*Asks:* 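I'd like to ask some things about the structure below.
Fair warning: this is a prediction, and the values are worked out from it, not measured in the lab. Just so we're on the same page: letters track the sequence lines, and every chain starts at 1.
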Protein chains: 2
Amino acid sequence: MAKRVTQCPVARSVERVGDEWSVLILRDALYGLTRFDEFQKSLGIAPNILTRRLNSLVETGMLERVQYSEHPPRFEYRLTPAGRDFRTVVLAMVAWGNRHFAHEGLSMIIVDAKTGEVADPILVDSKSGRPLTTPEFRVVAGPAASDVMKKRYDTLPPTTSILETAK
Amino acid sequence: MAKRVTQCPVARSVERVGDEWSVLILRDALYGLTRFDEFQKSLGIAPNILTRRLNSLVETGMLERVQYSEHPPRFEYRLTPAGRDFRTVVLAMVAWGNRHFAHEGLSMIIVDAKTGEVADPILVDSKSGRPLTTPEFRVVAGPAASDVMKKRYDTLPPTTSILETAK
DNA sequence: AAAACTAACTTGCATTATGATAGTCACATC
DNA sequence: GATGTGACTATCATAATGCAAGTTAGTTTT
């Protein structure tokens with residue numbers, strides 16, 4: 001895809017993790033993997049592709065390449081704060097995938113570390129605690145929105161919008 | 001990427017929306033777009049690519065191709081329940097993007113539709129209302145997990161894991 | 001001290017996907 | 001009859017991905 005100059009936070013996310021490997025690499029990094037060959041074994045990815053993806057994740061500020069041994073020279077890839085916070089998106093994917101594509105039962109769940117009770121992840125407003133469902137909450141242009149973004153997200157959508165209104 | 005047979009809900013999500021356009025198409029569909037040329041104009045995507053992506057989203061159960069006019073024959077792409085629920089992942093991306101890549105200010109925000117107050121989206125457990133942060137919550141293998149998944153997610157990670165434990 | 005091993009990559013080349021442009025087809029409207 | 005619209009398909013150049021093999025800098029084994 002051509003490089004885009006966009007304000008949309010979704011498009012910006014896609015620029016960073018919008019290929020087929022980056023999300024899986026970050027999933028593994030969030031799980032605790034840090035080394036080149038760990039990722040390679042876990043993902044079955046070709047080494048040249050892994051190199052490219054790791055470099056791009058470093059460039060976009062998701063990972064950091066850190067030398068952890070001088071003799072021999074060895075490197076590991078550590079999550080940056082932004083990369084660590086990508087956990088929220090991964091967990092949203094886990095929850096969504098479990099809701100719709102786990103016909104033979106759940107193979108991955110989120111549980112309370114102490115009690116072991118299964119958690120059911122939903123998005124809420126941190127202040128009010130209310131779930132971010134439609135039509136109670138809307139997506140609108142923010143203070144720094146460009147004219148294009150304003151035009152798009154401050155007017156009513158062309159047809160019934162799910163981001164704005166329940167169908 | 002080669003077709004994978006995996007249980008991981010993250011990988012399953014990536015199979016469906018792991019290319020550079022699908023997430024943006026779904027973003028637009030969630031906004032309310034349904035027609036071929038609406039997507040084309042909005043995204044600036046080549047028509048042959050759009051055809052392929054729409055077909056793949058229909059195949060994977062995210063969209064439905066529905067004829068809304070017989071004379072002339074006209075079609076639109078409607079979100080399935082799974083596609084509509086993908087809103088949760090998109091909102092997680094919006095929140096994450098806003099937290100880390102909106103240095104010049106927010107261009108897209110989620111607000112209370114009535115009061116207009118800005119919402120701050122976080123993931124919580126729907127039952128207890130507690131935020132799904134580490135180390136209070138862990139990701140573990142579920143009842144339908146394969147041996148590979150069990151081995152991976154029921155044992156302690158190789159190094160400190162963010163999915164499991166705070167760094 | 002040579003041989004094998006490990007981690008982290010490159011290089012070369014075939015295959016596949018993407019992207020730009022142009023063209024098609026069934027209608028509808030002027 | 002000419003032009004317009006919606007939803008594409010076809011062709012071909014460019015770019016990305018994938019596989020296999022090779023490289024480099026060291027460490028460990030025999």
*Asks:* In whole angstrom, what separates Q40(B)'s CD from dT21(C)'s C1'?
*Replies:* 12 Å
*Asks:* Output all residues satisfying side-chain hydrogen bond (donor to acceptor under 3.5 Å, both in side chains) with T51(A), sequence neighbours left out; order by chain, then residue number.
*Replies:* none
*Asks:* Is a salt bridge present between R78(A) and E76(A), judged by a nitrogen-to-oxygen distance below 4.0 Å?
*Replies:* yes
*Asks:* Got a sec? Which of residues 48-56 of chain B come in under 4.0 Å of DNA chain C, heavy atoms?
*Replies:* N48(B), I49(B), R52(B), R53(B)
*Asks:* Go through dG19(C), dG6(D), dA8(C) for me and flag the one nearest to the D37(A) side chain.
*Replies:* dA8(C)
*Asks:* Using the test side chain to side chain contact (heavy atoms under 4.5 Å, CB included), find all partners of A46(B) that sit at least two apart in sequence or belong to another chain.
*Replies:* N48(B), I49(B)
*Asks:* Need one value for F36(B): base, sugar-phosphate or nothing, where a base atom within 4.0 Å counts as base even if backbone is also close, heavy atoms only.
*Replies:* base
*Asks:* Can you name the atoms? Protein N/O to nucleotides 26-30 of chain C N/O, anything below 3.5 Å, with the distance.
*Replies:*
unit_1: dC27(C); atom_1: OP1; unit_2: H71(B); atom_2: ND1; d: 3.4

*Asks:* For L33(A) and dA8(C), what is the distance between atoms CG and P respectively, to the nearest whole Å?
*Replies:* 12 Å
*Asks:* Quick one: side chain to side chain contact (heavy atoms under 4.5 Å, CB included) partners of V111(A), sequence neighbours excluded?
*Replies:* I109(A), V118(A), R138(B), V140(B)
*Asks:* Mind calculating the distance between CD (E76(A)) and P (dA7(C)) to the nearest angstrom?
*Replies:* 13 Å
*Asks:* S22(A): what forms a side-chain hydrogen bond (donor to acceptor under 3.5 Å, both in side chains) with it, not counting sequence neighbours?
*Replies:* D19(A)
*Asks:* Please tell me which of the listed nucleotides, dC8(D), dA8(C), dG18(D), lies nearest to the side chain of A46(A)?
*Replies:* dG18(D)
*Asks:* Does dA16(D) have its OP1 or OP2 closer than 4.0 Å to a side-chain nitrogen or oxygen of W21(A)?
*Replies:* no
*Asks:* A82(A): what forms a side chain to side chain contact (heavy atoms under 4.5 Å, CB included) with it, not counting sequence neighbours?
*Replies:* T80(A), H100(B), F101(B)
*Asks:* Grab the CD-C1' distance between E20(A) and dG18(D) for me, whole Å please.
*Replies:* 12 Å
*Asks:* Can you tell me how far P of dA8(C) sits from CD of Q67(A), to the nearest Å?
*Replies:* 11 Å
*Asks:* Quick one: F75(B) CZ to dG6(D) C1', roughly how many Å, whole number?
*Replies:* 10 Å
*Asks:* With sequence neighbours left out, what residues match D125(B) under side-chain hydrogen bond (donor to acceptor under 3.5 Å, both in side chains)?
*Replies:* S128(B)
*Asks:* Specify the separation, in whole Å, of atom CG of D19(A) and atom C1' of dT17(D).
*Replies:* 11 Å
*Asks:* Please identify each residue that fulfils side-chain hydrogen bond (donor to acceptor under 3.5 Å, both in side chains) with R52(A), with sequence neighbours left out.
*Replies:* none
*Asks:* Considering every strand and a 4.0 Å limit on heavy-atom distances, what is the contact class for F39(A): base, sugar-phosphate, or nothing?
*Replies:* nothing
*Asks:* CZ of R65(A) versus P of dA7(C): gap in Å, rounded?
*Replies:* 16 Å
*Asks:* So, R35(A) and D37(A), do they make that salt bridge, N to O below 4.0 Å?
*Replies:* yes
*Asks:* Please state whether the phosphate of dG6(D), meaning OP1 or OP2, lies under 4.0 angstrom from any side-chain nitrogen or oxygen of Y77(B).
*Replies:* no
